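Working notes for the structure below.
If you're wondering where the values come from, they're calculated on a predicted model, not measured in any experiment. Both ligands and their constituent atoms are indexed starting at 1 by order of listing. Only this structure's heavy atoms are used, side chains among them; waters, hydrogens and symmetry mates stay out.
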Amino acid sequence: MNKGGGMKKMKYVLVTGGVVSGLGKGVTASSIGVLLKACGLRVTSIKIDPYLNTDAGTMSPFEHGEVYVLDDGGEVDLDLGNYERFLDIKLTRDNNITTGKIYQAVIDKERRGDYLGKTVQVVPHITDAIQEWIERVAMIPVDGQPGPADVCVIELGGTIGDIESMPFTEALGQFSYRVGAGNFCLIHVSLVPVLSAVGEQKSKPTQHSVRGLRSLGLTPNILACRSTLALEENVKQKLSQFCHVPAENIITLYDVPNIWHLPSLLRDQKAHGAILGALNLLGFVNVAREPNLKEWTSRAESCDMLLEPVRIAIVGKYTGLSDSYLSLLKALLHASVSLRKKLVVDWVPASDIEDETAKENPDAYKAAWKLLQGADGVLVPGGFGDRGVEGKILAAKYARENRIPFLGICLGMQIAVIEFARSILGLQDANSTEFDPDTKNPCVIFMPEGSKTHFGGTMRLGSRRTYFQVMDCKSAKLYGNRGFVDERHRHRYEVNPDMVSTLEDAGLSFTGKDETGQRMEIVELPNHPYYIGTQFHPEFKSRPGKPSALFLGLIAAACGQLDSLLHAHKIPNGMAKKVSLYQNGNATKFAKIPADGIYSNCNGVHA
Ligand code: GLN
């Protein structure tokens, strides 16, 4: 790339949506990124969310899907998770633009007097701020290599014509003109419905939405049409004629068995040729050969062929909307596929397994327990608020007593500690002060650095380091016997350090702690087949080809394959002895560990 010399020019691909929401625009945009990457380009991405929240941190997962957490602590839209997973990149909080962020920046500037007495307006001040933001963020390297990417994929959330997105469409119209033809490619994702009575593919909704797009100053280069089957030739011709898009630039996103097929679906219809053509990159990139999507295609195909099920019960609060736990589901899927198992998730509403439900709704109670008891593994995810907490505690107890593989994440770890304190230490009222501020046995407490009055962005957020305290434990082995691991966090409460020694004396092992040794990060029951809780959220760093270590452990344990998996990560002789010197110490004693924290064989497992 950049053979012409001089300053490299960033190329932009804008993805908009029309007709209806929920077309899978985010996954389409991510797949476009994958395809461009397969052509040898470096790709970054920006997601625009036209809502007023400054970030997704205060939004209910039940309404909006999960809050995705980035390394830098940004609490962002779940689409950024799709980008990170598909492109194997690490984004920053600024890669998620919201109306709230833009207005806040402009208002701050106004208060500083930066507008020199001018009237501050949507055009040009908000629209300029949007364009400056995009240009600045597009330059941030996200793939671990130095220097900016070649292409920035921008996804505009919502549907064209929404009142909320007007300042963004205006700004992007100006932007496309400013960066100029050859540097900007607009892909409009739309719907071509089929009316069952006549069985005809209807192009009118797409025509209308393209007309809307044009009236806002945006001209599509490519149409990507969602439809159950491939578009018929006459429908393509009609769309081409009415939307002024060449027929070869009209792509059908027909239904596929799983989303990993999308990059090759786009490639098979030569979407890369159309995009690179619009971006004036055909001469620069080696596209004479087909883009290399071997890994994607074989993963997508092998995923379709998996037969042997592994049943995981997710005992949570938001079981009605699977997007609430999207990263978790993906992490389970990555691990299952890599162990060649078909993932079956049983959603167990936590409150349904509580005693109360047995009286109020015995059918729901029975159904929930049946699901839990039929599972090969139990996962208790993160959460806030006290609804369903007692049910989660019961699920942890069930998994502990019946030796069922268990993974507790964040709140899931905290309830595992509470359950242990109640059942093994006999502290009946043991609780988190989040749920019972007056408990006499607070085994989970509010962190000193938190805020009880401001909820946005006030948690312990983002990537923090966990140091292994014991090398002869499942988590350390699964992470490849490293000295430490960096994972993402999002919490206000923590295990009470004053109760740690009592809990440890009773058999609970805190195998990972932070750099002070005061904050518990990983808890394990050494005598259980697989019982692990983490204060962090390992699901956010799982990738299709690099499943998260502890999810891999859960699935392997649920299939009876944990021993062989751990065998693959055995600590070499001698190393185990060296590490055991540090066993009971805190993390500061790990000072002699090599800078990258990797002892030796990290074969296959990535943090
Ligand atoms: N509510 C708990 C806390 O704030 C757990 C948070 C979570 O699970 N993400 O610590």
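- Taking only nitrogen or oxygen atoms, main chain and side chain alike, M459 does not reach within less than 3.5 Å of ligand 1.
- For Q414, the heavy-atom gap to ligand 1 drops under 4.0 angstrom.
- Residue G382 has at least one heavy-atom neighbour below 4.0 Å for each of these atoms of ligand 1: 8 (O).
- Ring geometry, W347 versus Y325: the interplanar angle falls under 30°, so the pair is classed parallel (tilted spans 30 to 60°).
- In this structure, E539 does not pair ionically with R490, as no charged nitrogen and carboxylate oxygen lie closer than 4.0 Å.
- Salt bridge R311/D346: present, at least one basic N to carboxylate O contact under 4.0 Å.
- When only non-hydrogen protein atoms are considered, atom 5 (C) of ligand 1 lies nearest to G383 O, 3.3 Å.
- When only interatomic distances are considered, the shortest N/O to N/O separation between R490 and ligand 1 falls below 3.5 Å.
- Counting only heavy atoms of the protein, atom 4 (O) of ligand 1 lies nearest to R492 N, 2.9 Å.
- Looking at K474 and E524, no side-chain N of the basic residue comes within less than 4.0 Å of a carboxylate O on the acidic one, giving no salt bridge.
- For atom 10 (O) of ligand 1, the nearest non-hydrogen atom from the set F435, Y493, F446, F384 comes from Y493.
- For ligand 1, none of its N or O atoms has an N or O atom of C410 under 3.5 Å away.
- Applying the salt bridge (charged side-chain N to carboxylate O under 4.0 Å, His left out) test between K90 and each of D143, D72, D486, D71 identifies D71 as the sole match.
- Between K37 and D88, none of the side-chain N atoms (NZ, or NE/NH1/NH2) sits under 4.0 Å from a carboxylate O, so this pair counts as no salt bridge.
- Here the protein heavy atom with the shortest distance to atom 2 (C) of ligand 1 is E434 OE1, 3.3 Å.
- Taking a 4.0 Å cut-off on heavy atoms, H537 registers as neighbouring ligand 1.
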Report the C-alpha distance between D429 and K440 in whole Å, list the side-chain angles of each, state the deciding distance to 0.1 Å, and finish with yes or no for salt bridge (charged side-chain N to carboxylate O under 4.0 Å, His left out). CA-CA 7 Å; D429 81 329; K440 291 203 181 59; 5.3 Å; no

